[in-house]
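Reviewing the structure listed below.
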Amino acid sequence: MRTLPPSLRAREPRAAARTAVIVLLVCSAMMALVGVLGPSAEGDASRPVVWACVVGLLVVAGIYHGVPSQRLDRVGAFLGLALVGVTVLCTLAVSAGGTSTRSQAFLVFVVLYAGFHLRTAGALLVTAQTVVAGGIMLFTSSKVDSALTDFLFFGTMLGVTGVLLSRSANSQERLVGALQRQADVDALTGLVTRRVLDQALSTALARTGSEHGTALLLMDVDEFKSINDAHGHLAGDDALVHLARIIRQQTRAGDAVVSRMGGDEIAVLLRSCSREDAVRRAQQLLDAVRGEPLVLPDGTLYGLSISLGVAHAERGTEELRTLYAAADDALYAAKRGGRGRVEAAFG
């Protein structure tokens, strides 16, 4: 099945689906009111047509409520809803001999929906179609000079509304993206945050099989406070950046997630990794840190020392908190054992 280009899809499919259902229900209620009261103007549709529209709107609302939003988005259902809605409104108005304030109000609904929920290309496409449809409806029902004046006013209003909404949505999307990056990446070290690690670890545990398993390494800098006390907090920051760089050099992005947990504590998730291999890789990290001293601002070489705790889960039934607790216990065992060493949790 062919899918729609990303530029024409919804910004957030779930939000677009929820709004679509609400708009469809509101439109069906408004149409039902028209069906009860009957046509109030010459350009209004007849009662049978109105009630057929009510039924159609309710059916479409049920589809958008029941079908997964991602699937709807892939096939262009949100863009299609707006385009088809404008086409139906224009067809009904023209077949009835003109337009009315009600028809124009429905067109505004479409522009608002597209501006909020579709990406820029899709929103502008819908806005352009709506302006054209509004012009067709106006010129069908009015004299040319009167229709031209109304079209200039109504078309400008729709166009400006669509453009402003799209720009506002783009600004909000950029802001959300920036906040998301701040929440996902530690500003000092460039490592991912605890939230990202938790998500990756939960996924890895759910997929863990008995052959390899999932390993978690917890480490911190030995006597980190003494670095800050003796050389200043900037030196402590430099030590963390230095440590993060060494760890990234020793791990592969494809099978490892490296996270700053807070302070000087760093965690490494190793996917599809046996307990023995995890201990070996922890030792490699320890040796790499020992072999590359930190250069202090005054040019002095400072030999960093770290302690590491290793925990391993062989099956997906292992809980996240249990694995963290095991790795933390192993880390404290390494500290009690003299620091600058690797300890593995039993299990």
Side-chain angles (χ1 to χ4, degrees), residues 182 184-198 200-201 214-253 256-270 273 275-312 320-347:
Q182 291 179 12
D184 290 347
V185 180
D186 176 62
L188 176 64
T189 63
L191 302 178
V192 301
T193 59
R194 169 73 177 269
R195 189 178 71 88
V196 177
L197 179 69
D198 284 351
L201 189 53
T214 298
L216 178 65
L217 279 55
L218 286 184
M219 68 192 78
D220 63 17
V221 179
D222 295 328
E223 305 293 350
F224 182 71
K225 186 176 182 299
S226 65
I227 300 177
N228 290 325
D229 293 342
H231 304 283
H233 289 282
L234 290 180
D237 290 346
D238 291 341
L240 293 176
V241 173
H242 177 75
L243 177 59
R245 180 179 58 81
I246 294 175
I247 297 174
R248 278 197 294 261
Q249 290 174 345
Q250 296 294 318
T251 55
R252 299 183 298 273
V257 177
V258 186
S259 167
R260 183 184 179 191
M261 304 289 285
D264 63 319
E265 188 172 60
I266 293 177
V268 180
L269 161 65
L270 299 175
C273 181
R275 186 174 184 275
E276 293 75 16
D277 193 35
V279 173
R280 178 183 60 80
R281 294 179 67 174
Q283 187 63 49
Q284 288 177 346
L285 286 174
L286 178 62
D287 295 338
V289 173
R290 283 175 175 169
E292 191 170 344
L294 169 68
V295 180
L296 296 174
D298 61 2
T300 304
L301 296 181
Y302 186 94
L304 283 180
S305 172
I306 60 173
S307 298
L308 299 98
V310 179
H312 185 263
L320 187 67
R321 291 174 60 88
T322 303
L323 192 63
Y324 271 126
D328 196 53
D329 289 343
L331 174 59
Y332 277 98
K335 292 287 190 182
R336 290 193 299 269
R339 298 188 175 88
R341 55 188 293 156
V342 175
E343 287 289 345
F346 292 100

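All of these numbers come straight from a predicted model, not from anything done at the bench.
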How far apart are the closest heavy atoms of [X] and [Y], and which atoms are they?
{"X": "L294", "Y": "D238", "result": "CD1-O, 3.8 Å"}
{"X": "A327", "Y": "A311", "result": "N-CB, 3.4 Å"}
{"X": "L304", "Y": "A239", "result": "CD1-O, 4.0 Å"}
{"X": "V310", "Y": "A282", "result": "CG2-CB, 3.7 Å"}
{"X": "S305", "Y": "D222", "result": "OG-OD2, 2.6 Å"}
{"X": "L285", "Y": "Q250", "result": "CD2-CB, 3.4 Å"}

Does the side chain of [Y] come within less than 4.5 Å of [X]'s, by heavy atoms?
{"X": "V192", "Y": "D184", "answer": "no"}
{"X": "R260", "Y": "L243", "answer": "no"}
{"X": "L270", "Y": "H312", "answer": "no"}
{"X": "V268", "Y": "R281", "answer": "no"}
{"X": "D220", "Y": "M261", "answer": "no"}
{"X": "V279", "Y": "E276", "answer": "no"}
{"X": "M219", "Y": "V289", "answer": "no"}

Distance check, rounded to the nearest 0.5 Å: [X] atom [atom1] versus [Y] atom [atom2]?
{"X": "K225", "Y": "D264", "atom1": "NZ", "atom2": "CG", "value": "12.5 Å"}
{"X": "H242", "Y": "Y302", "atom1": "NE2", "atom2": "OH", "value": "11.5 Å"}
{"X": "D329", "Y": "Y324", "atom1": "CG", "atom2": "OH", "value": "14.5 Å"}
{"X": "L217", "Y": "I266", "atom1": "CG", "atom2": "CD1", "value": "11.5 Å"}
{"X": "D287", "Y": "I246", "atom1": "CG", "atom2": "CD1", "value": "11.5 Å"}
{"X": "L331", "Y": "L218", "atom1": "CG", "atom2": "CG", "value": "6.0 Å"}

Look only at the side chain of [X] and the backbone of [Y], and say whether a donor-acceptor pair between them is shorter than 3.5 Å.
{"X": "T193", "Y": "V185", "result": "no"}
{"X": "R341", "Y": "A333", "result": "no"}
{"X": "R248", "Y": "V258", "result": "no"}

Do R336 and E343 pass the side chain to side chain contact (heavy atoms under 4.5 Å, CB included) test, and can you show the C-alpha distance, the side-chain angles, and the key distance before you say yes or no? CA-CA 10 Å; R336 290 193 299 269; E343 287 289 345; over 6 Å; no

Within a 6.0 Å radius of atom CG on L188, are there more than 12 heavy atoms belonging to other residues, nucleotides or ligands?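 Atom CG in L188 is packed in, count exceeds 12.
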
